[in-house]
> 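This is the structure I want to talk about, given as structure tokens.
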Amino acid sequence: MAVADTPIRFGIIGCAEIARKVSRAILLTPNATLSAVASRSIDKAANFAKANGFPPEAKIYGSYEFLLDDPDIDAVYLPLPTSLHIKWAVLTAQKKKHLLTEKPVALNVAEFDQILKACEENGVQIMDGTMWVHNPRTQRMKDFLNDKERFGQLKTVNSCFTFLADPDFLKNDIRVKPDLDALGALGDAGWYGIRSILWAADYELPKTVTALQGPVLNEAGVILGCGASLHWEDGKTATFHCSFLSNLTMNLTAIGTCGTLHLTDFIIPYQEHEASYTTSTKPGLNELVTGWVAHPSEHTVTVDLPQEVCMVREFAGLVENIKKNGAQPDKKWPTISRKTQLVLDAVKTSIEKGFEPVEIVS
């Protein structure tokens, strides 16, 4: 039987803005279908389904619990505020629904581990909604980083994700509310910077993490901008910066002993169906030092499906393998998520401790 004959049936809990993008992704994914949406308001759920092209047979629920009790739902996409993840992610797992959850997965690694324990005890797959790692460009870039001749040994990574939030966002968005998304810009934007650094380092955790001085907090104490440096036993270093207060920027640079990788749209490509990056290997300067010898080369990867569709397809494939073949849930994705959460925790702790280095204990 073809994969598309029995698509994985998704329910969405909560009608957040990001859920519009993921709803579209599910509709575009060959091995997935939108089966239900739940909101605390049935009218809101109905309007969301109508506005986002849900199939006519999709169910509309005015309660999260009702969706979780639906036996026809295989997997749940959870775009709720981070502070609500612990309750609803655990309940989703207990109801034997596979879990695609927005990032950050939890407010801290202790909560993360409770969610992971529930998933493991109930045999359900968990994956976080970091989309860029599923873009085919990402694998091509990784091939370059793994090339000892062209890139050499990784020495340092620098990652930056900022955007200029408007006054309404800074006053009303859930990402600036201590009771909803207490991690603020660190959780929302910093997650990407941390993930990109770990990705470049083959997910080897750093030895220490030190927050950079001068984080910006709002009146409620929620982070609006911060940064950190990461240090490894072998001398590798990395830095990241994240902010709601600066121009839209998505830069990632990885520097090795022989080569450099650079891109300026690492989280969301400039265009949906192609993505570029530049590499340079052992460049030099001319004799008069007025210019470079050998310019960086640009590489463009054409993709059939947007990166968020690649994410849903990967997740749905893992769920299908569990359903059809009795496979065990894949441990790769939760392991990567947990490492990201560990570093995020360390940055927050370092800020709270006056920018002291915090040792990572996995």
Side-chain angles (χ1 to χ4, degrees), residues 102-105 127-147 151 153-163 183-212 223 225-232 236-244 246-256 259-270 275-280 299 301 303 307-308 310-311 314 332-348 360:
E102 263 316 312
K103 26 61 51 192
V105 177
M127 180 189 283
D128 77 59
T130 308
M131 298 169 182
W132 72 269
V133 291
H134 300 275
N135 193 306
R137 168 176 68 175
T138 305
Q139 184 54 53
R140 289 276 293 275
M141 296 190 302
K142 179 51 86 172
D143 293 342
F144 174 70
L145 296 186
N146 289 338
D147 190 321
F151 183 75
Q153 183 184 353
L154 179 68
K155 300 302 282 184
T156 191
V157 187
N158 179 245
S159 184
C160 179
F161 177 29
T162 63
F163 60 89
L183 297 170
L186 175 60
D188 185 54
W191 181 274
Y192 290 104
I194 293 166
R195 173 64 58 88
S196 66
I197 290 166
L198 290 173
W199 167 80
D202 284 332
Y203 297 106
E204 178 194 345
L205 282 166
K207 180 174 168 47
T208 61
V209 174
T210 310
L212 303 179
I223 295 167
C226 71
S229 61
L230 289 67
H231 304 261
W232 282 259
K236 283 194 298 289
T237 61
T239 60
F240 79 88
H241 175 69
C242 60
S243 176
F244 293 156
S246 307
N247 188 52
L248 180 61
T249 301
M250 299 179 177
N251 289 354
L252 176 61
T253 303
I255 305 169
T260 301
L261 167 76
H262 183 62
L263 63 161
T264 54
D265 62 347
F266 86 92
I267 298 164
I268 300 169
Y270 292 121
S276 301
Y277 60 99
T278 64
T279 62
S280 64
H299 310 266
V301 180
V303 298
Q307 61 186 19
E308 60 271 18
C310 296
M311 175 184 75
E314 164 82 8
K332 170 187 166 183
W333 296 109
T335 301
I336 290 170
S337 299
R338 188 176 190 275
K339 287 180 176 182
T340 312
Q341 190 89 47
L342 271 170
V343 175
L344 195 141
D345 273 21
V347 177
K348 189 164 183 287
I360 295 277

> Between N251 and N158, is there a side-chain heavy-atom distance shorter than 4.5 Å?
no
> Testing L263, T138, L252 for side-chain contact (heavy atoms from CB on, under 4.5 Å) with Y277, which one passes?
L263
> Quick one: are W199 and L145 in side-chain contact, heavy atoms under 4.5 Å?
yes
> Does any N or O in the side chain of W232 come within less than 3.5 Å of the main-chain N or O of A201, such that one atom is a donor and the other an acceptor?
no
> Quick one: does M141's side chain get under 4.5 Å of F266's, heavy atoms only?
no
> Less than 4.5 Å apart, side chain to side chain, heavy atoms only: is that true for W132 and S196?
yes
> Got a second to check how far I223's CD1 is from F244's CZ, nearest 0.5 Å?
9.5 Å
> Quick one: list whatever passes side chain to side chain donor-acceptor pair (under 3.5 Å) with K332, sequence neighbours left out.
none
> Distance check, rounded to the nearest 0.5 Å: L261 atom CG versus K142 atom NZ?
10.0 Å
> Whether the side chain of N135 engages the backbone of Q307 through a donor-acceptor N/O pair (distance < 3.5 Å, no angle test) should be reported.
no
> So which atom in L183 and which in L344 form the shortest heavy-atom distance, rounded to 0.1 Å?
CD1-CD2, 3.6 Å
> For the OG atom of S280 and the NE2 atom of H262, what is their distance to the nearest 0.5 Å?
10.0 Å
> Could you walk me through whether V303 and R137 pass side-chain contact (heavy atoms from CB on, under 4.5 Å), step by step?
CA-CA 8 Å; V303 298; R137 168 176 68 175; 5.9 Å; no
> Start with the C-alpha distance between S229 and H231, add both sets of side-chain angles, then the distance that settles side-chain hydrogen bond (donor to acceptor under 3.5 Å, both in side chains), and finish with yes or no.
CA-CA 7 Å; S229 61; H231 304 261; 3.2 Å; yes
> Considering only residues two or more places apart or on different chains, which pairs with a residue in residues 246-256 satisfy salt bridge (charged side-chain N to carboxylate O under 4.0 Å, His left out)?
none
> Would a 4.5 Å heavy-atom cut-off, applied to side chains only, mark L198 and P206 as touching?
yes
> With a 3.5 Å cut-off and sequence neighbours excluded, list the donor-acceptor pairs that the side chains of residues 188-195 form with protein atoms.
from	atom 1	to	atom 2	distance (Å)
D188	OD2	R175	NH1	3.2
W191	NE1	T130	OG1	3.0
R195	NE	T340	OG1	2.9
R195	NH2	D128	OD2	2.7
R195	NH2	T340	OG1	3.2

> Rounded to the nearest 0.5 Å, how far does OG1 of T162 lie from NE2 of H241?
6.0 Å
